[in-house]
Amino acid sequence: MKKHSFVSKKWLVITLILIVLVTFSVLEEQKNVSTRSIVLAMSLDWKNDEYELGIQLLKTDSQDKQEFITYMSTGKHLTDILENLTHDTGGAISLCHTTVLILGNDLLTKDGEKAMRFFVQNEELCNNTMIVASKGSPLEAMSAKLSNGQGGGYYLGGVLRNMTKDLGIIPMTIKDYIKNRYRIGGCVYLPCVSVEKTGETTYLSLKESIVTDCCKSVILSETATKGLSLVLNKLKSGELSYQYDNKMGEVDIVKTSSDIKVEQDKAKLKIKAKLNDKAYIPDNIDEKRSVEVLTENITKYVEECFSICRQEGLDVFFLGQRAYAQGKDYYEQSDFLDKIKLEIQVDISMK
């Protein structure tokens, strides 16, 4: 009986110790979470040979009133900047919930990828963090106060994450960004955001794209961005508008696909598009003529995209990578891209 009593007391002591340890662990974890500054969006630029890093937090007061707050710091090293922001915000900076990273053009072309390597190698950001370029100041885009009460950065992250395969800009995650950088040519295409105002209303525009190889960059217009989307994105939605003889029509995209075959001096691009002709079509419109005009428009969008990028030596359609996949080595020639003639075939069918 004495032995049984001793064993019972021993297990009772062990159980009490476990309860204390678990309770302490839970309280400590809650304390750690409460002392963190959870970053929802970031902006990053390169100014006067220094980084300009901005972060956006969501603060909630005792009355459940929400406010988006922006902090900014500059410095030569990102580690030091994050330490400064920890001091400014009063909590350890946590980037694992960051929805979007907004990059400035100078950061994209003058930093030599140091910042992106920092975030990737140190696993500071999740693989699905959205990457977007800013036409103007990335800090201004992130901190913009929108009419719906949201901060620009938080709103932008939500829009990009919920965007499907639609005609227009192609959302880019940090994982896809790195993947494209390591393709032959190292070309990256990013959605381009700009801050616009109509009267007292501030809003963010997402219609253009930026293409860069981290040395050079170009901004694609809305139509050239559509061309980029038609070539590199398998679309499942979107509208195509057209006009002829003072008549205007619009069709819905049901599905598109593209295929590129590269030769030494030309690239054959075939785009197949299935469209819904039940969208807005004016009376007495000629469907055959409509298809002809849509074909012309799509061809112009793609040509514009390819031409403006080629002028800067940017292989936006990854022709070098495609040649390599075909076992060809002529992509190594310095004038490979200059000699390429793009032959475009568009095949449209109406549903």
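Everything quoted here is computed from the prediction, not taken from an experiment. We number each residue from 1, following the sequence as shown.
Each of Val188, Leu314, Thr109 was compared with Ser217 under the side chain to side chain contact (heavy atoms under 4.5 Å, CB included) criterion, and only Thr109 meets it. Under the side chain to side chain contact (heavy atoms under 4.5 Å, CB included) rule, Ile271 has a single partner from Asp347, Val302, Thr295, Ile348, which is Val302. For the pairing with Tyr51, the side chain to side chain donor-acceptor pair (under 3.5 Å) check across Asp80, Asp111, Asp45 returns one residue only, Asp111. Just one of Ile210, Thr212, Ile131 meets the side chain to side chain contact (heavy atoms under 4.5 Å, CB included) condition when paired with Leu103; it is Ile131.
Residues Ile93 and Ile55 have side chains in contact (heavy-atom distance under 4.5 Å, counting atoms from C-beta outward). Counting heavy atoms from C-beta outward, Asn297 and Leu240 have side chains that stay 4.5 Å or more apart. With contacts defined as side-chain heavy-atom distances shorter than 4.5 Å, the pair Tyr154/Leu58 does not qualify.
Of the possible polar contacts, one joining the Asp286 side chain to the Lys288 backbone as a donor-acceptor pair under 3.5 Å is found. At least one donor-acceptor pair closer than 3.5 Å links the side chain of Ser221 to the backbone N or O of Ala224. The closest donor-acceptor contact from the side chain of Arg117 to the backbone of Gly112 lies under 3.5 Å. Although no hydrogens or angles enter the test, the distance criterion places a donor-acceptor pair under 3.5 Å between the side chain of Lys145 and the main chain of Phe68. Looking at Thr256, its side chain does come within 3.5 Å of a backbone N or O of Leu235 through a donor-acceptor pair. Thr129 places a side-chain N or O within 3.5 Å of a backbone atom of Thr98 that can act as its donor or acceptor partner.
Distance check: Glu250 CD to Asn276 CG gives 11.0 Å after rounding to the nearest 0.5 Å. Atom OG of Ser209 and atom CD1 of Ile219 lie 10.0 Å apart (nearest 0.5 Å). Note that CG of Asp49 is 12.0 Å distant from OG1 of Thr74, once rounded to the nearest 0.5 Å. To the nearest 0.5 Å, atoms OG1 (Thr225) and NZ (Lys207) are separated by 11.5 Å. Between the CG atom in Asn105 and the NZ atom in Lys135 there is a gap of 11.5 Å [rounded to 0.5 Å].
Note: the hydrophobic cluster containing Leu337 also contains Leu232 (ILVMFWY, side chain heavy atoms under 4.5 Å, direct or indirect links).
Electrostatic pairing of Lys216 and Asp213 counts as a salt bridge here, judged by a charged N lying under 4.0 Å from a carboxylate O.
No hydrogens or angles considered: a donor-acceptor pair under 3.5 Å links the side chains of Thr223 and Glu304. There is no side-chain donor-acceptor pair under 3.5 Å between Asn128 and Thr173. Ser290 and Tyr242 share a side-chain donor-acceptor pair at under 3.5 Å. A donor-acceptor contact closer than 3.5 angstrom is absent between the side chains of Asp315 and Tyr331. Side chains of Glu196 and Ser194: a donor-acceptor N/O pair is present below 3.5 angstrom, by distance only. For the residue pair Lys339/Gln333, the side-chain donor-acceptor check at 3.5 Å is satisfied.
Relative to the ring axis of Tyr244, Arg289 places its NZ or CZ within 45° and under 6.0 Å from the centre.
Other residues, nucleotides and ligands contribute only 12 or fewer heavy atoms inside 6.0 Å of the OH atom of Tyr155.
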